[in-house]
*Asks:* 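The structure is given below, and queries will be raised subsequently.
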Amino acid sequence: MQITINGKPEEVQAGTVMDVLKQKDIDPHMVAVELNTQIVERDRLATTNVQDGDKVEFLFYMGGGA
Amino acid sequence: MSFTEEQITRYSRHILLPEVGGKGQKKIAQAKVFVVGAGGLGSPVALYLAAAGIGTIGLIDSDVVDRSNLQRQVLHHTPDVGRSKVQSAKEKIFLLNPDVNVETYEDRFTAANAMNYIAPYDVVIDGVDTFPAKFLINDACYFAGKPLVHGGILRFEGRVFSIVPGQSACYRCIFRQPPPPGLVPSCQEAGIIGVVAGIIGTIQATEALKLILGIGDTLTDRILDFDARKTAFREIRIKRNPRCPLCGDHPDITELFEHEQEVCQLHAPEALGIS
């Protein structure tokens with residue numbers, strides 16, 4: 001199925017948000033995940049399904065400033 | 001208050017703008033902005049807000065200027081190496097605009113002093129470089145009801161957004177807590193292209209001015225991410241999270257605390273690739 005990840009259309013296998021993170025080789029502790037503008041808490045990543053056409057945003061931590 | 005002839009000349013390009021005018025310039029002159037960190041982000045923020053004629057700029061930083069800061073921390077010049085950052089900053093701001101009252105605090109921003117420090121100010125700017133400090137600033141601004149302009153930078157990337165407590169999404173609505181220690185590197189470990197601090201910092205200053213003037217659409221409920229390699233901005237729509245541990249429907253966080261400072265996992269020589 002096709003979903004939009006960080007603004008780009010991408011082909012992924014159907015499954016949960018956690019499955020998509022695994023396919024993209026992203027450690028779930030390194031990102032905040034938004035699914036269709038709704039934050040998906042870390043404890044719900046493995047139980048929240050991604051559907052064809054969904055918009056997913058992976059927001060990586062950025063802690064610098066000095 | 002009224003402006004002198006010199007001030008009218010100094011701020012003439014602002015006063016010309018219908019959205020600012022003499023009335024808006026007075027708002028700017030009466031405003032108080034608190035900048036946490038006089039470094040990469042704090043430098044452009046403080047310089048542009050000073051140039052704009054902000055009445056009072058509060059600066060807190062416990063550090064001294066290091067030679068490695070000069071690549072991006074444009075408040076500090078070569079002769080300032082080894083000097084207090086807030087003192088160095090105060091001098092530059094005075095040279096740029098003596099109208100500005102600069103309050104300096106050579107101190108760490110902690111859970112114990114945060115509320116006292118931000119109380120007199122209208123807007124707070126995040127210019128710090130650790131996750132515990134970023135979460136502390138977010139929480140303190142929420143409890144004090146102060147608008148906050150968040151900023152973060154790393155390598156070639158930067159992020160900025162504004163938070164109006166109780167109205168728009170806060171930092172914890174998105175990032176519940178700091179990442180596990182050692183997983184996300186700091187600029188000290190991973191590097192930062194200096195100009196990104198300037199780009200993100202000047203957007204933070206723009207947001208502060210808009211919040212003070214009450215004009216335009218602020219970066220509330222949307223995160224702006226910048227990638228210098230692509231010269232591309234990406235806007236991510238966000239909204240308040242009912243499960244936010246701070247500003248959600250059933251908050252767990254009811255008082256200020258500091259997340260533990262992560263222990264640096266990379267040793268400097270390794271990070272620099274010279275071990």
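In the text below, chain A, chain B and the rest are named by the order of the sequence lines, each starting its count at 1.
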*Asks:* If we define contacts as heavy-atom pairs under 4.5 Å, which of B:V196, B:T130, B:I192, B:V128 has the most with chain A?
*Replies:*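 The answer is B:V128.
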
*Asks:* Tell me, side chain or backbone of A:L59 under 4.5 Å from chain B's heavy atoms, or both, or neither?
*Replies:*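 Both backbone and side chain of A:L59 come within 4.5 Å of chain B.
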
*Asks:* Can you establish whether the number of heavy atoms outside B:Y121 located under 6.0 Å from its atom OH is more than 12?
*Replies:*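 Yes, the 6.0 Å shell around OH holds more than 12 heavy atoms from other groups.
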
*Asks:* Rounded to the nearest 0.5 Å, how far does CE of A:M62 lie from CD of B:E157?
*Replies:*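 So the gap between those two atoms works out to 5.0 Å.
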
*Asks:* Is the side chain of B:R159 donor-acceptor paired with the backbone N or O of A:F60 at a distance under 3.5 Å, no angle test?
*Replies:*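 Yes, B:R159 side chain to A:F60 backbone: donor-acceptor pair under 3.5 Å.
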
*Asks:* Counting only heavy atoms closer than 4.5 Å, note whether B:R237 contacts chain A via side chain, backbone, both or neither.
*Replies:* both

*Asks:* Does any non-hydrogen side-chain atom of A:H29 lie less than 4.5 Å from one of B:P179?
*Replies:*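 With C-beta onward as the side chain, the pair stays apart.
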
*Asks:* Pick one of side chain, backbone, both or neither for B:R72, based on which atoms fall under 4.5 Å of a heavy atom in chain A.
*Replies:* side chain

*Asks:* Say you draw a straight line from CD1 of B:I236 to NZ of A:K55; how long is it, rounded to the nearest 0.5 Å?
*Replies:*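 Between B:I236 CD1 and A:K55 NZ, I get 14.0 Å after rounding to 0.5 Å.
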
*Asks:* Which atoms of B:I223 are under 4.5 Å from chain A, going by heavy atoms: the side chain, the backbone, both sets, or neither?
*Replies:* side chain

*Asks:* Give a yes or no on this: more than 12 heavy atoms of other residues, nucleotides or ligands lie within 6.0 Å of atom CZ of A:R42.
*Replies:*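 Yes - once you tally the heavy atoms of other residues, nucleotides and ligands closer than 6.0 Å, there are more than 12.
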
*Asks:* Counting heavy-atom pairs under 4.5 Å with chain B, which one of A:V33, A:I39, A:V31 comes out on top?
*Replies:*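 Of the candidates given, the most pairs with chain B belong to A:I39.
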
*Asks:* Take A:T37 and B:I238 through the test side-chain contact (heavy atoms from CB on, under 4.5 Å) and record every step on the way to the result.
*Replies:* CA-CA 6 Å; A:T37 79; B:I238 55 171; over 6 Å; no

*Asks:* So which residue, B:G40, B:A169, B:G201, B:G39, ends up with the most heavy-atom pairs under 4.5 Å with chain A?
*Replies:*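 The option with the most such pairs is B:G40.
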
*Asks:* So, A:D43 and B:R243, do they make that salt bridge, N to O below 4.0 Å?
*Replies:* yes

*Asks:* Pick out which of B:F175, B:Y171, B:F135 makes a ring pair (Phe, Tyr, Trp, His ring centres under 6.0 Å) with A:Y61.
*Replies:* B:F175

*Asks:* If I measure from the heavy atoms of chain A, does B:D225 come under 4.5 Å with its side chain, its backbone, both, or neither?
*Replies:*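 The answer is the side chain of B:D225.
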
*Asks:* To check you understand the geometry: which heavy-atom pair defines the closest contact between B:D129 and A:A66, and what is its length?
*Replies:* OD2-CB, 3.3 Å

*Asks:* Side chain from CB out, backbone as N, CA, C, O: work out which of these in A:D27 comes under 4.5 Å of a heavy atom of chain B, or both, or neither.
*Replies:*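 Only the side chain of A:D27 comes within 4.5 Å of chain B.
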
*Asks:* Hey, which of B:L154, B:L41, B:I153 has the most heavy atom pairs under 4.5 Å with chain A?
*Replies:* B:I153

*Asks:* Check whether more than 12 heavy atoms from other residues, nucleotides or ligands sit under 6.0 Å from atom CG of A:D52, and answer yes or no.
*Replies:* yes

*Asks:* If you count every heavy atom of other residues, nucleotides or ligands that lies below 6.0 Å from A:Q13 atom CD, does the total exceed 12?
*Replies:* no

*Asks:* Are more than 12 heavy atoms from other residues, nucleotides or ligands located less than 6.0 Å from atom CZ of B:R67?
*Replies:*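 Open: at most 12 neighbouring heavy atoms sit under 6.0 Å from CZ of B:R67.
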
*Asks:* Is it true that the side chains of A:E41 and B:N241 contain a donor and an acceptor less than 3.5 Å apart?
*Replies:*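 Present: a donor and an acceptor within the cut-off.
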
